[in-house]
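Contents: one structure, followed by commentary.
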Amino acid sequence: MTQFSENHPDPIRAPQFYSSVPSKRLIAWIIDIAVTILMTLLFIPFTAFIGLFFFPVLAMLIGFAYRTLTIASSSATWGMRMMSIELRDARGERFDFGQALVHTLGYSFSFAFVLIQFVSVILMLGSARGQSLIDLALGSVMINRH
């Protein structure tokens, strides 16, 4: 439990906010990966196809921008929106640009190190609020939109 939990719905008294969130996060992540790959493929012709040689780096940069901008605009990526979930900050409010940037940096960092990502997944599956490691660090939660 985070020190900021008083600003988030209680998982015991209001379980509907957290119901199925871990599985929805997984599906949203798959959707977001597909969107990122599609955006990267659409961008490659604008690089005179040189981007094919740097596809993983290009996809990472486009994915970072996509995730940061979509979370900053509505506290959810397109995949999260499709799954009716959104991020809330430590105050229980939607993310602003700075919070979206920091959350995306933490998300990217966790993917760079398998052990950190593994711990994050275990936390999402095992904690009452389904928080990832970066969520715990920021005091944020992923909840169902109502």
Side-chain angles (χ1 to χ4, degrees), residues 1-5 7-9 11 16-146:
M1 188 163 14
T2 68
Q3 63 190 21
F4 305 107
S5 62
N7 294 322
H8 300 135
Q16 69 273 18
F17 284 99
Y18 305 101
S19 178
S20 302
V21 167
S23 58
K24 288 180 177 183
R25 279 181 101 147
L26 175 62
I27 296 167
W29 179 77
I30 292 167
I31 292 167
D32 291 332
I33 292 295
V35 168
T36 299
I37 289 170
L38 180 62
M39 291 171 91
T40 305
L41 290 171
L42 292 172
F43 187 74
I44 287 195
F46 296 103
T47 67
F49 295 96
I50 295 170
L52 286 171
F53 297 106
F54 306 101
F55 189 85
V57 173
L58 190 58
M60 184 185 69
L61 292 172
I62 289 172
F64 190 92
Y66 158 76
R67 185 172 176 82
T68 301
L69 295 173
T70 55
I71 290 174
S73 71
S74 68
S75 219
T77 63
W78 293 345
M80 292 172 196
R81 291 179 211 173
M82 290 177 74
M83 297 310 302
S84 295
I85 55 177
E86 66 184 1
L87 286 161
R88 292 298 177 119
D89 70 9
R91 297 179 314 271
E93 298 173 8
R94 291 181 172 196
F95 276 36
D96 60 23
F97 180 79
Q99 293 165 324
L101 181 64
V102 171
H103 196 276
T104 302
L105 280 169
Y107 164 83
S108 300
F109 183 79
S110 73
F111 267 90
F113 299 95
V114 175
L115 183 58
I116 293 172
Q117 184 58 27
F118 180 73
V119 169
S120 196
V121 169
I122 296 299
L123 286 170
M124 282 187 273
L125 294 173
S127 64
R129 289 184 168 85
Q131 293 169 290
S132 67
L133 202 53
I134 189 64
D135 290 329
L136 285 171
L138 297 177
S140 59
V141 293
M142 180 80 69
I143 60 171
N144 287 308
R145 288 178 138 175
H146 289 283

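Rounding to the nearest 0.5 angstrom, the gap separating the CG atom in Asp89 from the NE2 atom in His8 is 6.5 Å. Here the CZ-OG distance, from Phe113 to Ser120, works out to 14.0 Å after rounding to the nearest 0.5 Å. Considering OG of Ser20 and CG of Leu26, their distance stands at 12.5 Å, rounded to 0.5 Å. One distance of note links CE of Met142 with OG of Ser132; it measures 7.5 Å at 0.5 Å rounding. Summarising the geometry, atom CZ belonging to Phe97 is positioned 11.0 Å from atom CD1 belonging to Ile71; distances are rounded to the nearest 0.5 Å. One distance of note links OG of Ser73 with CG of Asp96; it measures 12.0 Å at 0.5 Å rounding.
Leu138 has its side chain out of reach of Gln99: every pair of non-hydrogen atoms, C-beta onward, lies at least 4.5 Å apart. Counting heavy atoms from C-beta on, the side chains of Lys24 and Asn144 come closer than 4.5 Å. In this structure the side chain of Phe111 never reaches within 4.5 angstrom of the side chain of Ile116, judged on heavy atoms. Using a 4.5 Å cut-off on side-chain heavy atoms (C-beta onward), Leu87 and Asp135 make contact. Taking 4.5 Å as the limit, some side-chain heavy atom of Phe64 sits within range of a side-chain heavy atom of Leu101.
Residues passing the side chain to side chain donor-acceptor pair (under 3.5 Å) test with Ser19, sequence neighbours excluded: none. With sequence neighbours excluded, no residue forms a ring pair (Phe, Tyr, Trp, His ring centres under 6.0 Å) with Tyr18. Judged as a side chain to side chain donor-acceptor pair (under 3.5 Å), and not counting sequence neighbours, the contacts of Trp29 are Tyr107. Remark: Glu86 engages Arg88, Arg94, Arg145 in a side chain to side chain donor-acceptor pair (under 3.5 Å) (not counting sequence neighbours).
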For residues 50-58, dump all side-chain donor-acceptor pairs below 3.5 Å to protein atoms at least two apart in sequence or in another chain.
none

Which atom pairs, one a donor and one an acceptor, fall under 3.5 Å between side chains of residues 36-44 and the rest of the protein, sequence neighbours left out?
residue : atom : partner : partner atom : Å
Thr36   : OG1  : Asp32   : O            : 2.8
Thr40   : OG1  : Thr36   : O            : 2.7

Decide yes or no on side chain to side chain contact (heavy atoms under 4.5 Å, CB included) for Thr104 and Ser108, but give the supporting numbers first. CA-CA 6 Å; Thr104 302; Ser108 300; 4.2 Å; yes

Pair Met83-Arg25, side chain to side chain contact (heavy atoms under 4.5 Å, CB included): steps then yes or no: CA-CA 8 Å; Met83 297 310 302; Arg25 279 181 101 147; over 6 Å; no

Side chain to side chain contact (heavy atoms under 4.5 Å, CB included) between Trp78 and Ile31, intermediate numbers included: CA-CA 8 Å; Trp78 293 345; Ile31 292 167; 5.6 Å; no

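One N or O on the side chain of Gln131 and one on the backbone of Ser140 form a donor-acceptor pair closer than 3.5 Å.
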